[in-house]
Structure formats: C-alpha cells, structure tokens
2 protein chains.
Amino acid sequence: MTKGRVTVIDIAKAAGVSKSTVSLVLQGSPLVNDGTRAKVNAVMRELGYVYNRGAANLRQSGSKSKIIGVVVNDLTNGFFAELAVGVDMVVQSAGFVQFLSNTSENLDRQREVIASMREHGISGLILSPARATEAADLKPLIAAGIPVVVAVRNVPGAKASSVVSDNREGVVVGVEHLVSLGHRRIAFLGGFRDTAVFDERLAGYRAAAAVCGLDADEDLIVDSPPSRAGGAEAIERALSIGNRPTAAVCFNDAVAFGVCDGLRARKLEPGRDFAVVGFDDVIEAKTAVPALTTISVDPQGIGRRAAQLLLKQISAGKAEAEAIVSSVRLVVRETCGAANGSPLGRTQA
Amino acid sequence: MTKGRVTVIDIAKAAGVSKSTVSLVLQGSPLVNDGTRAKVNAVMRELGYVYNRGAANLRQSGSKSKIIGVVVNDLTNGFFAELAVGVDMVVQSAGFVQFLSNTSENLDRQREVIASMREHGISGLILSPARATEAADLKPLIAAGIPVVVAVRNVPGAKASSVVSDNREGVVVGVEHLVSLGHRRIAFLGGFRDTAVFDERLAGYRAAAAVCGLDADEDLIVDSPPSRAGGAEAIERALSIGNRPTAAVCFNDAVAFGVCDGLRARKLEPGRDFAVVGFDDVIEAKTAVPALTTISVDPQGIGRRAAQLLLKQISAGKAEAEAIVSSVRLVVRETCGAANGSPLGRTQA
DNA sequence: TTTAATAATTGGAACGTTCCAATTCAGTCA
DNA sequence: TGACTGAATTGGAACGTTCCAATTATTAAA
C-alpha cells in the first residue's frame with residue numbers, strides 16, 4: 001500500500017486531473033477553477049501528501065529554497081541563543097525555516113558548516129562570526145549571489161550587510177555615567193585586542209575620555225580574555241599601577257563579574273569602593289549581588305533586524321550591503337555605586 | 001561566465017570523463033582510478049563546484065538527506081540551548097546538519113515546524129515537545145518511517161524513542177538528603193500537574209516519603225506555574241497550612257528561586273530557616289546567593305545521547321523504540337542548610 | 001595468441017517538481 | 001454556423017544527481 005511516498009502524480013490520478021493542475025493548486029495559482037482546487041486539496045489531505053521541496057527547488061534552481069542558514073559562534077551563551085530566537089521569529093513567520101549551527105568559535109567548523117549549508121541550497125545566511133573570521137570566508141557565498149548578513153561582530157572588509165550594536169556609543173554612555181558620579185580615573189578592562197568589537201568599544205572609551213577631559217593614561221586600558229577569569233586578572237593589573245583607577249567600564253558582563261571577584265579578593269566591595277560597569281546585560285546581570293550596572297543590548301532585536309534585512313535582500317534579488325547599528329542603553333543598577341546616596345568617586349578624587 | 005551553477009556535467013566535461021565517474025568520485029567509491037579521482041577533484045576545486053544535495057536526495061529518495069530536525073520548546077531557556085548544542089555536536093561530526101526551530105511552547109507552531117521539516121525531507125527528528133504534545137502529533141512522522149526521539153519530556157503513548165532525565169530518582173535523592181539533615185515535614189512545590197515531568201517528579205516525592213516514613217500530607221504538595229513567580233506563590237501557600245513544612249524540594253530551579261524570594265518576604269532565610277532543593281541545576285544556581293542546592297541534570301549530555309540514538313536508528317533503517325533515562329545527581333550547595341554546621345531541621349522537629 | 005577475469009568507465013533512465021507552449025473547453029459575437 | 005475569445009487544463013522537457021546494466025580497457029591464465 002505505502003509503496004513509496006505519494007507524489008503529485010498520485011494526486012493527479014486520484015483527482016482525475018493532470019499533474020500540472022495539481023502543481024498549480026500547490027502554488028495557489030488563480031488559474032485553477034475553484035471546484036478543481038477543492039477536489040485536489042481534498043485528495044491531498046486524504047492521501048497524506050507531503051510536498052517535496054527538494055524536487056521543487058531543483059527545478060526552480062534559484063534562491064527559492066525557503067531555507068535560511070544561521071550560524072552562531074556560541075549557542076550556550078544566552079546572548080546568542082536569544083539572537084537565534086529573534087531570527088527564528090521573523091524567519092518562521094515569513095515561511096522560511098532556519099538551519100541553525102553552532103561553531104564554538106572554531107573557524108574550521110564554521111567553514112564546514114557554511115559549506116554544508118551551501119550544499120543544501122540556503123537562500124541566505126545570517127552569521128554571528130567566530131573570532132578571526134575573515135572577509136575571505138564569506139567571499140564565495142557573496143560571489144555566488146547568496147545574501148549574507150553578519151550580526152553582532154563585524155567582519156572587516158566583507159561586502160556583506162551587518163547588524164551590530166552600537167558598541168562605541170555604549171561605552172561612551174558608560175564612561176559619562178561614571179564621570180557624572182564623580183569619577184576621573186576610569187579604566188577600560190578586558191577583551192581581546194584583535195577583535196572588531198574591542199576596537200569599537202575602546203574607541204568609545206577614548207572618545208568619552210577626551211570629551212570629559214580625563215587623563216589619557218594607557219595604563220588604564222588593560223586587555224584580557226573576555227571571561228570571568230580574564231576580568232579578575234585585568235582588575236588585578238589595573239590596581240597595581242601607581243595612580244589607581246576608581247572605576248572601570250568592562251569589555252562585557254563576564255569580565256565585569258570577574259572584576260567584582262577580583263575586587264572582593266582585595267577586600268574592596270564593588271559599588272561601594274570601586275564602580276563597575278559591564279556590557280551586554282546578560283540575564284544574570286540583574287540577579288547578581290550586587291546587581292550589575294551595564295550597557296543593555298537587545299540580542300533578540302538584533303536577530304529580528306538581521307532576519308528582516310536578509311529577507312529583504314532575498315526578495316529584492318540583489319541589494320546593496322547595508323549596515324545597521326542597533327542602539328544600546330545604560331541600565332543603572334548597583335555596581336556603579338549610583339544607588340547608595342553618596343557617589344564614591346567624589347570622596348576619593 | 002557564471003551562467004548558472006556548475007554541475008557534475010561541467011566537471012565531467014572539463015575533466016574528460018563521464019558524469020557517472022564524477023558521481024562515483026563524489027561518493028568516494030573505490031571503483032575509480034586514483035589518477036582519475038585526483039584529476040576530478042582538482043577540476044572541482046578549480047571550477048568551484050558545490051554539491052547539490054537536493055538533487056542527490058531526490059534521486060535517492062530515501063532517508064539519506066543528511067538533515068536532522070531539532071525542535072525545542074524554549075531556546076531562550078539555557079537548558080534547552082545546551083540540549084541543542086549537545087545534539088549539534090554529534091550530529092555535525094556525523095556529517096549531518098541540524099534544522100533547529102523553536103516552538104515557544106506553542107503547539108500550533110510545533111505542528112507547522114514539524115510539517116515544514118518533513119517537506120524538507122529530514123531523515124530524523126529530535127523533539128523536546130511543547131507542553132501538551134500528544135502522541136497523535138507524532139503519528140504521521142512515525143508512520144512515514146521517520147525516526148523520532150523525544151527528549152526531556154515524554155510524550156505519553158507515542159511509539160517514539162525517548163531520552164529523559166531520571167526525574168523520579170532525582171526527587172528521591174533530594175528528599176532523602178533533606179531527611180538526612182533531620183527534616184520530617186518536606187513539601188513538594190511548583191509545576192503544572194498535567195505534565196509527564198510533574199508526574200514523574202511527584203512520584204519520586206511520594207516514593208521517598210513512603211520509604212522514609214514521612215507524613216503523607218497532601219497539603220504539602222502544592223502546584224503552581226513552573227516559574228519564579230509560581231515558586232513564590234507556592235511557598236506562600238505552603239507556609240499557610242497548620243503544620244508547616246521545614247523544607248521543600250521544588251519542581252525546578254526557577255520555582256526554587258521563587259521559593260527563596262517568598263521566604264525572604266516572610267523574613268525567613270533560605271538555608272538557615274528553611275531548606276530548599278531545586279531541580280535542573282541551571283547556570284545561575286551556582287552563582288545565586290545563597291547558592292542553590294539542586295538536582296543536576298546534564299542537558300548537553302541528553303542532547304548528545306538523543307542524537308546518538310537517532311543516528312543509530314537512521315542507519316539501522318528501522319529500530320525498536322528505546323527509552324533512555326539519563327541519570328542525575330544531587331549538588332549540595334547552600335540552600336539546603338547542609339553547609340552551616342547545625343542542621344536546621346532537627347532543631348525544629 | 002586467445003580467453004577469461006577483473007578493473008574502470010559509461011550512457012540512459014529515474015527521482016518529484018515547475019515551467020512553457022500548446023490544447024481543450026465554454027461561451028460570445030457576427 | 002463559424003470564427004473568436006478568455007479561462008482552464010495539459011503533456012513534455014528540464015533541473016542535478018544516483019543507480020543500473022552495459023561497455024571498454026587491462027591483466028592474468030591457458
């Protein structure tokens with residue numbers, strides 16, 4: 001009975017029409033008679049027909065695959081999981097499906113995954129690139145006319161669209177907030193120097209420092225792995241210099257948590273003895289003790305916007321590369337010391 | 001020049017062989033001469049050939065699509081994100097790709113997503129089912145001979161394989177731990193009653209209570225939404241009964257956090273005045289203050305196991321439904337009160 | 001040298017769909 | 001009635017691969 005999958009021809013036979021007509025029904029063409037359409041639909045339901053997109057796609061041989069690829073560098077990180085969810089939302093409601101893979105920051109794996117997605121005929125790609133991804137990695141995709149949107153991290157030199165958060169502005173706002181609390185010696189802690197995000201955030205730090213007339217002391221900038229351990233290490237180094245900082249804006253929240261750890265190890269209480277500002281507003285930032293003051297970015301929003309942009313480019317056939325920067329906002333909690341009445345910076349300056 | 005995609009025929013022409021030979025090379029057949037193979041490979045690289053899995057899949061018309069579908073009920077929940085990562089790991093190294101979608105606990109969306117995946121010809125499905133998923137939802141898949149593995153939550157009555165954590169045993173261990181600390185009045189808090197997971201965990205509670213000879217007081221079992229807010233509500237109700245509990249094992253960590261909130265609202269300190277045990281060991285459990293004693297399950301491990309099982313079934317053609325229960329372990333931290341020397345339960349009993 | 005066996009290679013059909021050009025079918029108009 | 005319309009339907013070719021049976025090239029045995 002079930003001698004194979006039921007095809008459009010089986011439907012045609014059972015409904016007493018030709019396969020072409022069935023095909024027309026499938027695509028919702030207005031050319032078919034309502035009666036015929038109803039009959040065909042009924043038969044399809046009855047026989048349990050399932051559409052074979054592979055075959056359709058083969059014939060159409062274009063970017064009509066209704067698959068969009070999503071590649072993220074670290075799914076276990078809530079930030080990127082949210083991003084993927086944002087993408088999925090818009091992609092799904094546009095009738096596409098999402099091919100999601102995780103690279104774990106591994107460039108080789110990223111290459112494999114992208115290659116595999118190409119073989120499957122994705123009609124577009126959203127990429128949150130692994131560290132050190134180069135424009136060359138995206139070249140073949142773009143050359144093949146497959147729209148690509150990079151998210152979160154820029155890929156310098158790539159002719160792809162991008163949706164990133166306003167890293168520069170975020171740090172500017174963070175620094176200004178600290179300045180408004182009376183701080184003058186503000187450090188910038190954590191992060192790998194060779195990344196685009198680091199560059200942007202550091203640029204924000206420098207710009208704000210210049211505007212506020214702070215000391216431009218290179219000792220106040222200390223890089224480290226962008227992790228909790230890295231943060232602890234960074235604050236350690238920052239406190240060992242002659243003219244100590246009284247506050248810091250950190251590369252990201254993980255670093256900020258590490259900075260708090262390091263502070264406590266020195267019997268300094270974050271928010272009271274030293275002001276800390278993070279970046280990202282990860283989920284734990286709110287519930288940590290003390291709660292982390294940080295720059296909030298909306299990963300789900302970035303995902304949604306990236307997906308919208310991609311869909312636009314897909315339907316437009318070919319579009320110009322576009323760069324969207326997603327705005328950020330400061331969330332004041334406890335670690336900056338703004339909560340307790342007496343701004344600590346001022347007492348020390 | 002690029003008048004279309006380069007096909008196996010183009011390669012054949014350029015390499016001076018037939019398309020069949022190229023195909024053989026593609027599948028790594030031992031039938032082709034090494035020299036020929038090398039030449040073909042060279043030409044493929046030169047012309048930038050990309051394999052068209054859609055076409056191949058069409059011909060093979062079997063479950064060789066190398067796509068496996070992964071559907072989770074809530075990707076923003078770190079637990080399920082980890083699950084997906086675990087799946088991705090093994091699936092990727094087996095040369096498959098993962099089609100991942102998020103249902104947000106929405107049954108309709110789950111149906112759509114599964115249908116869409118079928119159209120794309122997945123060769124297997126891993127499903128972390130949305131609440132209230134029924135066996136009927138999986139019926140067509142299974143009838144079509146597509147292997148299905150449900151993870152985390154069982155779907156009662158479905159003839160599919162499953163990988164779930166040992167919910168019953170987890171609660172047993174939790175209760176026994178509390179008993180060993182001297183507690184006799186132990187509540188079971190939170191969770192929706194109509195779910196399989198709730199049933200299993202509650203069964204563990206009842207079994208342990210019976211074994212330990214605890215009062216079988218139905219008032220000690222209070223359900224609620226499985227969320228932080230639900231937990232606060234549950235403890236509130238639990239503390240309002242005549243003979244109050246001195247400890248609780250909670251449906252999950254979110255509930256446990258809510259219980260801690262509710263306790264504090266009553267000026268009771270979790271771990272000192274009341275013992276709390278969670279379930280899941282989410283990432284925040286470790287860093288919360290006080291740190292949460294909880295039952296640790298390994299979502300990534302569940303993902304990996306589910307994927308392995310699925311791959312096994314795919315390659316075996318058709319396998320018996322198999323049920324794997326993934327073991328859990330108790331992680332003793334602060335909220336159970338075991339840390340501070342004097343077990344609180346005993347002083348109150 | 002012929003024959004048999006083995007190693008490589010090959011053309012064509014098939015997979016399930018879409019598209020195109022062509023056809024049939026009712027009506028309508030002169 | 002016959003030519004003309006527009007609407008509805010249709011058969012076949014095509015998409016890029018794999019598989020099968022058949023063919024050719026190579027080597028070993030007689």
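When reading the values below, keep in mind they use all heavy atoms of this one structure, side chains included, and skip hydrogens, waters and symmetry mates. Within every chain, numbering begins at 1; the chains are lettered A, B, ... in the order of the sequence lines, protein sequences first and strands thereafter. All figures in this text were calculated on a predicted structure; none of them were measured in a lab.
Whole-Å rounding puts the B:D10 CG to D:dG16 C1' distance at 10 Å. Look at CG on A:L58: it is 13 Å from C1' on D:dA13, rounded to the nearest Å.
Once rounded to the nearest 0.5 Å, the distance linking CG of B:N77 with CG of B:L83 reads 10.5 Å. The CG atom of B:N73 lies 11.5 Å from the CG atom of B:N106; values are rounded to the nearest 0.5 Å. Note that CZ of B:F96 is 5.5 Å distant from CG of B:L311, once rounded to the nearest 0.5 Å.
In terms of the salt bridge (Lys or Arg N to Asp or Glu O under 4.0 Å) criterion, residue partners of A:R53 (sequence neighbours excluded) are, by chain and number, B:E119. Taking the side-chain contact (heavy atoms from CB on, under 4.5 Å) definition, one finds that B:D137 meets it with B:L107, B:R111, B:T133, B:E134, sequence neighbours left out.
Every pair passing side chain to side chain donor-acceptor pair (under 3.5 Å) that includes a residue from residues 19-44 of chain B is listed here, sequence neighbours excluded: B:S18-B:T21, B:S23-B:Q27.
Near-neighbour residues of DNA chain C inside residues 31-48 of chain A, defined by a heavy atom below 4.0 Å, are absent.
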Reading nucleotides 17-23 of chain D 5' to 3', which nucleotides get B (base under 4.0 Å from a protein heavy atom), which S (sugar-phosphate only), which -?
BBB----
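B:S65 places a side-chain N or O within 3.5 Å of a backbone atom of B:I67 that can act as its donor or acceptor partner. For the pair B:Q313 (side chain) and B:P147 (backbone), a donor-acceptor distance under 3.5 Å is absent. With B:N154 contributing its side chain and B:A196 its backbone, the two residues share no donor-acceptor pair below 3.5 Å.
Axis angle, first five pairs versus last five pairs of the helix from C:dT1-D:dA30 to C:dA30-D:dT1: 60°, rounded to 10°.
Using a 4.0 Å cut-off between charged side-chain N and carboxylate O, A:E322 and A:R305 make no salt bridge.
For A:S18, no side-chain nitrogen or oxygen approaches OP1 or OP2 of D:dT9 to under 4.0 Å.
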